[in-house]
**Student:** 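Starting off with a structure, shown below.
If you're wondering where the values come from, they're calculated on a predicted model, not measured in any experiment. Side-chain atoms are counted along with the backbone in the values below, which use heavy atoms only and exclude waters and symmetry mates.
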Amino acid sequence: MKVNKFFDQLDIDDLANSDVFPEFDRRILNWIQEQLLLENDEVLVDGLSIGKLTKKRREMHYGRSHNTNHLYLMVRSAWQVIQARHNRPANGFNAMVDEYTNGGYYIDMNYRHFVYEYRIAGYPDYYMRLKRLVERIYVDLLSKFNISWNQSLNYQQIAPQLLQRNFYNQYIRNEQNRIVVIISDSFRFEVGKELQGKLKQEDQVTDMQMHFLISGLPSVTYMGMPALLPHHNLALQAEERRVTVDGQPASNIEQRQAILRQANPKSTAYRFKDLQGKSRDELRSMFVNQEVIYIYHNQIDTTAENKGTEDETATAAKNAINELQELIWRLRTNSINHVYITADHGYQYRDEKIADIDKIEVKTVAEDWKSPRYLVSERDIKVPGVERQALANILENQDSRYVYYPTTANVFKANGGDNYAHGGSSLEEMVVPLLEVRTTSKKSTAHEVTLQINNSNLRVTSLEVPLSIMQTEPISSKVTPAAFKLYFVDKNNHQISGQILINANNKDTQVEKRIWRANLTLVDQPYDRNQVYDLVIENIESGAQNRVHYRIDIVDDRG
């Protein structure tokens, strides 16, 4: 048939509305990539932006297939990163923090999603040009915002209630009811926002507030974990490279539990893995008579710090979100209804290996210690592109040393990862989430959405059957999305038509905007007008079916 020559003649607007051949999706994806490579991100296809077009195609038959679905998610994330290429930092420290926590974090989230989808979609070579463009734009934005952040950063001027070191006194010490604090290593702000979005869909979550904390410097685990504990004094010991809490070590869970119990004897601490696989009764016994419970979770950092798995950072973030969502559900079923989720620090990640030209050479002496994103030294170091903060201001003590850090997205020449780094001074590394979640122990009343047929006439007179299909309720915390397939069957349950797929995820409260119109084509064969035929509306996930009875009265004029 030489269909490719025919397809070449089709306008992109025509392809956008058709789902006849999988080739259409390949051509649409190729067209989107070419537009993005030209940075033509405002182009419209049949009145739809690239974002709306990808959403529409993902809900169509071939767009729902595994690879094609991931490719549409990938180009959508690329489009969002490219759209942000002209973003400019706000003026001043507080304005930058406000901008970042109220939407600026999306650039990091979209880049992370792009990396994840690019890896899972399975066409790395074909989309390499797009990846390089996304990478260049993202790294340029990182450096631009890092420079502005470090021009305005003065640790002495940060409001005390925002400092990570004041967390326990401000949020935990005076709490009257049992409370759980989940500390997830490297769980940066934008990942916390994605978790918040998922929890919003659960009707057992009665209230959520997203706060944030500013970590210390260096933005690393041995600083962040002790800062979140009750304390009067923090001190950084050079020999062991650890922070002590009121003179006590706080490097492992047993030491941290002892410190917690000095502030409140009814306190305990667990690793996330200690809770995995435990029954409800076992969890109840672990939490009994405890008022303050710290849970340490490590999914992102344990993956990203390992050079062999560093490139799986985006996958680790996705897994961390799922694990914490499940953990909150398990806590809720054990009558723990007040939870804080936070992090010791965040991170910066770029999927392309950091080139040697982007590494800053700083000579050190025996008393210094250096990592890719920070250097601790008592010396007065003057290097272009490097700034410092006094440890005395960060720890609120008399320490005479400084923390030095690159002012851009660059790194020091030091042992460390090629892609994943933290310890330095940036929004991504220092602004960490503090998600406060309140839940109820009541059983969920949420149910999956359903579809119904609006057609008043259930008599079919031609092989083309027009259907009006309505999503009965808008999606909400009590109504969850579902995917359906619709097709006709005869009395023997044999399929006698093609099928259509509908992803029922519409949140619109206006009924007319939750209606789909489509045609189903019957098999060309004789039909008995006295027999009942069923239109099947089948939930793809559960297999549950709803059936609508039809009469088929088609004149057979084949002789």
**Student:** Look at Glu59 together with Arg64 and state whether they make a salt bridge at an N to O cut-off of under 4.0 Å.
**Tutor:** no
**Student:** Does this structure show an ion pair linking Arg85 with Glu39, if we count only N-O contacts that are shorter than 4.0 Å?
**Tutor:**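 Counted as a salt bridge, because a side-chain N and a carboxylate O are separated by less than 4.0 Å.
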**Student:** Taking Glu312 first and then Lys318, would you say they form a salt bridge - that is, a charged N and a carboxylate O separated by under 4.0 Å?
**Tutor:** no
**Student:** Can you confirm whether Leu163 sits close enough to Leu213 that some side-chain heavy atom of one is under 4.5 Å from a side-chain heavy atom of the other?
**Tutor:** no
**Student:** Please check: side-chain N/O of Asn397 versus main-chain N/O of Leu234, any donor-acceptor pairing under 3.5 Å?
**Tutor:** yes
**Student:** Only one of Leu236, Thr221, Leu229, Val220 forms a side-chain contact (heavy atoms from CB on, under 4.5 Å) with Val243, so which one is it?
**Tutor:**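 It is Leu236; the other options fail the test.
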**Student:** Suppose we call two aromatic rings close when their centres sit under 6.0 Å apart. Are Tyr347 and His422 close by that rule?
**Tutor:**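 No; His422 has its ring centre 6.0 Å or more from that of Tyr347.
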**Student:** Can you check whether Lys55 reaches Lys52 side chain to side chain, under 4.5 Å on heavy atoms?
**Tutor:** no
**Student:** With ring-ring contact (aromatic ring centres under 6.0 Å, His included) as the test, pick out the partner of Tyr138 among Tyr111, Tyr349, Phe114, Phe145.
**Tutor:** Tyr111
**Student:** Would a line drawn from the ring center of Tyr374 to the ring center of Tyr405 be shorter than 6.0 Å?
**Tutor:** no
**Student:** Look only at the side chain of Glu310 and the backbone of Asn419, and say whether a donor-acceptor pair between them is shorter than 3.5 Å.
**Tutor:** yes
**Student:** Between Glu194 and Arg112, is there a salt bridge with N-O shorter than 4.0 Å?
**Tutor:**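 Here Arg112 pairs with Glu194 in a salt bridge, since their nearest N and O are under 4.0 Å apart.
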**Student:** Ring centroid separation for His211 and Tyr171, is it under 6.0 angstrom?
**Tutor:** yes
**Student:** So, does Gln201 use its side chain to make a donor-acceptor pair with the main chain of Ser476 at under 3.5 Å?
**Tutor:** no
